[in-house]
Amino acid sequence: QVQLVESGGGSVQAGGSLRLSCAASGYTYSSYCMGWFRQAPGKEREGVAAIFTGGGTPYYADSVKGRFTISQDNAKNTTYLQMNSLKPEDTAMYYCAAEAHSFYWCPTAPWQYTHWGQGTQVTVSS
């Protein structure tokens with residue numbers, strides 16, 4: 001059973017930075033897509049970024065391009081989300097998700113992921 005544990009959330013002022021981490025264990029497949037999603041109160045969960053553990057170009061939502069960077073450390077089974085130039089509209093619960101996958105193109109919709117972490121809160125004040 002894949003288990004995901006997020007950390008690194010917190011409260012920052014607009015323009016600040018945070019780095020989220022997602023530590024994975026229990027992998028049973030050779031490669032995965034790792035996704036970061038977020039959900040603000042009253043809104044649907046949305047995809048933020050995704051990366052294939054086997055390499056390739058990551059996916060970013062338009063709203064975070066140029067500000068967020070997803071990266072993967074396969075030696076540590078950890079996925080990171082570096083968030084810079086944070087805005088109040090980035091405030092949300094951030095979730096890490098994993099899905100067994102065989103090629104570099106990663107799905108981006110929440111329903112396409114099987115394994116989820118418990119989430120970490122990010123709050124950006126103006």
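Excluded from the calculations below are hydrogen atoms, water molecules and symmetry mates; all remaining heavy atoms, backbone and side chain alike, are included.
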Between atom [atom1] of [X] and atom [atom2] of [Y], what is the distance when rounded to the nearest 0.5 Å?
X	Y	atom1	atom2	value
Glu6	Gln121	CD	CD	12.0 Å
Ser71	Met34	OG	CE	11.5 Å
Gln82	Ile70	CD	CD1	12.0 Å
Arg19	Ser17	CZ	OG	12.0 Å
Leu18	Ser11	CG	OG	8.5 Å
Leu20	Ser7	CG	OG	8.0 Å

Could you check whether any side-chain N or O of [X] sits under 3.5 Å from a backbone N or O of [Y], counting only pairs where one atom can act as donor and the other as acceptor?
X	Y	answer
Gln118	Val5	no
Thr79	Gln72	no
Asn74	Thr53	yes

[X] with [Y], same ILVMFWY side-chain cluster at under 4.5 Å:
X	Y	answer
Leu4	Phe52	no
Tyr95	Trp36	no
Ile51	Tyr27	yes
Met93	Val122	no

Is the shortest side-chain heavy-atom distance between [X] and [Y] below 4.5 Å?
X	Y	result
His101	Pro107	yes
Asp90	Arg67	yes
Arg38	Leu81	no

Have Tyr80 and Thr69 got a donor and an acceptor in their side chains that come within less than 3.5 Å?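 No donor-acceptor contact under 3.5 Å links the two side chains.
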Restricting to non-hydrogen atoms, name the atom on [X] and the atom on [Y] that form the minimum distance, rounded to 0.1 Å.
X	Y	value
Tyr32	Ala100	CD2-N, 3.3 Å
Ser102	Tyr29	OG-OH, 2.8 Å
Ser126	Ala14	CA-CB, 4.3 Å
Ala92	Ala40	CB-N, 3.9 Å

Checking side-chain contact (heavy atoms from CB on, under 4.5 Å) against Leu86, which of Thr123, Thr91, Val124 comes through?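 It is Val124; the other options fail the test.
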Parallel, tilted or perpendicular, judged at 30° and 60°: which one describes the rings of Tyr113 and Phe37?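 Tyr113 and Phe37: perpendicular rings.
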Aromatic ring pairing Tyr94/Phe68, orientation class (parallel under 30°, perpendicular over 60°, tilted between):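 If you compare the ring of Tyr94 with that of Phe68, the planes turn out tilted.
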Show your working on side-chain hydrogen bond (donor to acceptor under 3.5 Å, both in side chains) between Thr114 and Glu99 and close with a plain yes or no. CA-CA 6 Å; Thr114 301; Glu99 181 65 20; 2.6 Å; yes
Whether over 12 other heavy atoms sit under 6.0 Å from Tyr104 OH: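 Check fails, neighbour count at 12 or below.
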Are Lys65 and Asp62 ion-paired here, with the side-chain N under 4.0 Å from a carboxylate O?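 A salt bridge is present here (some side-chain N lies under 4.0 Å from a carboxylate O).
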From CA spacing to verdict: side-chain contact (heavy atoms from CB on, under 4.5 Å), Trp116, Arg45: CA-CA 12 Å; Trp116 290 85; Arg45 190 169 299 189; 3.3 Å; yes
